[in-house]
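What you are looking at is a predicted structure, and each value in this text was computed from that prediction instead of being measured.
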Amino acid sequence: MEEKEINIEELLKKAENEQETKAPESEENVNAEAATDTNVTEEEAKTDEESAPADPLAELQNQIEELKKEMLYKQAEFENYRKRTIKEKAELILGGGEKTIKEILPVLDDFERALADKTEDPNAIREGMQLIFNKFVSTLEKMGVKKIETEGADFNVDFHEAIALVPGLGDEMKGKVIDCTKTGYMLNDKVIRHAQVAVGQ
């Protein structure tokens, strides 16, 4: 068999044709890859837009509305509390007055019985008055009312009101209560009326 002579020029042309044929395919692949990259970039951009913070002004306005609602709620709550407190104080005052009157009514009954008694015996009348007085003092003590003691006490502005100064009684009586012209009283350790006294000078 005769061997065919290899034509180098034909081989070179054939190789060039094969490269040219493959080149468009590779370009298409590159273009496809570029298109894919573009799609990915667009999706990432959308995700970034979704994750981006909202309008700051709109957020502030929403916060202001929420604060307004909360303030109105607190204001209404405080107003209800104030009205409830006023009502409770009024009920407490009325209830306290009612309790006081109920405690004093038995003493009033004793006065009515004493006035209805026709006795003319001064000792019996005095004794009856003393009993009513003692009962009245006992009733006041139950309610927390106590007499301010003044006999032989040192003058104290927290409990006493000086209405006269008595000179010439010596150093021993200086600053001492000499006489009490009006009894003072305390209610639960609070002075409700100062004792009016004369003080040694």
Side-chain angles (χ1 to χ4, degrees), residues 62-201:
N62 289 336
Q63 289 180 7
I64 290 170
E65 290 300 322
E66 290 296 326
L67 289 173
K68 280 182 179 179
K69 288 178 184 178
E70 188 175 349
M71 185 188 69
L72 289 173
Y73 174 77
K74 295 292 183 183
Q75 188 176 1
E77 192 176 41
F78 176 76
E79 188 65 21
N80 291 334
Y81 168 77
R82 188 181 66 83
K83 288 179 180 178
R84 186 169 61 252
T85 304
I86 292 172
K87 184 181 178 182
E88 288 175 356
K89 283 183 179 179
E91 289 175 353
L92 185 64
I93 292 169
L94 292 173
E98 182 181 349
K99 183 180 178 182
T100 303
I101 291 169
K102 283 183 176 179
E103 292 288 342
I104 293 174
L105 285 177
V107 180
L108 182 62
D109 295 337
D110 288 345
F111 274 118
E112 287 179 350
R113 282 191 288 270
L115 290 172
D117 192 350
K118 302 299 182 182
T119 185
E120 294 182 0
D121 184 359
N123 290 328
I125 294 171
R126 182 178 178 83
E127 186 179 348
M129 289 295 294
Q130 186 65 48
L131 289 172
I132 294 172
F133 175 79
N134 292 341
K135 186 174 184 178
F136 187 55
V137 170
S138 177
T139 301
L140 290 176
E141 286 178 351
K142 286 179 183 177
M143 293 186 291
V145 179
K146 294 180 182 179
K147 177 183 176 181
I148 296 175
E149 297 297 334
T150 56
E151 188 175 352
D154 293 328
F155 177 73
N156 188 335
V157 293
D158 292 333
F159 305 105
H160 309 130
E161 179 185 351
I163 59 170
L165 296 175
V166 183
L169 297 178
D171 292 338
E172 292 181 359
M173 299 304 294
K174 189 175 182 179
K176 295 278 187 180
V177 174
I178 306 302
D179 187 27
C180 179
T181 59
K182 185 182 286 186
T183 305
Y185 292 96
M186 298 175 66
L187 176 62
N188 299 325
D189 299 327
K190 178 184 177 182
V191 176
I192 57 175
R193 189 175 80 178
H194 289 76
Q196 292 184 354
V197 297
V199 185
Q201 186 176 20

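Using a 4.5 Å heavy-atom cutoff, the side chains of Pro106 and Lys135 are in contact.
The side-chain hydrogen bond (donor to acceptor under 3.5 Å, both in side chains) check on Gln130 picks up Asn134, with sequence neighbours excluded. Legend: residues meeting side-chain hydrogen bond (donor to acceptor under 3.5 Å, both in side chains) with Glu77, ordered by chain and number and at least two apart, are absent.
Distance check, rounded to the nearest 0.5 Å: CD of Gln75 to CD of Glu79 gives 7.5 Å. Rounded to the nearest 0.5 Å, atoms CD (Glu161) and OG1 (Thr181) are 8.5 Å apart. We find the CZ-OG1 distance between Phe78 and Thr85 to be 8.5 Å, quoted to the nearest 0.5 Å. Here the CD1 atom belonging to Ile163 is positioned 5.0 Å from the CD atom belonging to Gln196, to the nearest 0.5 angstrom.
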Donor-acceptor list for residues 90-103 side chains, cut-off 3.5 Å, not counting sequence neighbours:
from	atom 1	to	atom 2	distance (Å)
Glu98	OE2	Lys102	NZ	3.4
Thr100	OG1	Gly96	O	2.9

Indicate every side-chain donor-acceptor pair of residues 112-126 with a distance under 3.5 Å to a residue at least two apart or in another chain.
from	atom 1	to	atom 2	distance (Å)
Arg113	NH2	Asp110	OD1	2.3
Asp117	OD1	Thr119	N	3.1
Thr119	OG1	Asp121	N	3.3
Asp121	OD1	Asn123	N	3.1

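The stretch residues 165-194 participates, sequence neighbours left out, in these salt bridge (Lys or Arg N to Asp or Glu O under 4.0 Å) pairs: Asp154-Lys176. Among residues at least two apart or in separate chains, there is no salt bridge (Lys or Arg N to Asp or Glu O under 4.0 Å) pair with a member in residues 63-76.
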Next item on the list: Assess whether side-chain contact (heavy atoms from CB on, under 4.5 Å) is satisfied between Tyr185 and Thr183, documenting all intermediate values.
Entry: CA-CA 7 Å; Tyr185 292 96; Thr183 305; 3.7 Å; yes
Next item on the list: Could you please spell out the steps behind the side-chain contact (heavy atoms from CB on, under 4.5 Å) verdict for Met186 and Val145?
Entry: CA-CA 6 Å; Met186 298 175 66; Val145 179; over 6 Å; no
Notebook entry, point to check: Could you walk me through whether Val166 and Gln201 pass the side-chain contact (heavy atoms from CB on, under 4.5 Å) check?
Noted result: CA-CA 5 Å; Val166 183; Gln201 186 176 20; over 6 Å; no
Check: Could you go step by step and tell me if Met129 and Phe111 meet the side-chain contact (heavy atoms from CB on, under 4.5 Å) rule?
Finding: CA-CA 8 Å; Met129 289 295 294; Phe111 274 118; 4.2 Å; yes
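Checking side-chain atoms of Thr139 against main-chain N and O of Ile104 turns up no donor-acceptor pair under 3.5 Å.
Taking both residues in full, the closest heavy atoms of Ala195 and Cys180 are given as CB-SG, 4.4 Å, listed atom of the first, atom of the second, then distance.
Just one residue in the list Val199, Val191, Val197 forms a side-chain contact (heavy atoms from CB on, under 4.5 Å) with His160, and that residue is Val197.
Enclosure of atom CE in Met143 by more than 12 non-hydrogen atoms of other residues, nucleotides or ligands within 6.0 angstrom is indicated.
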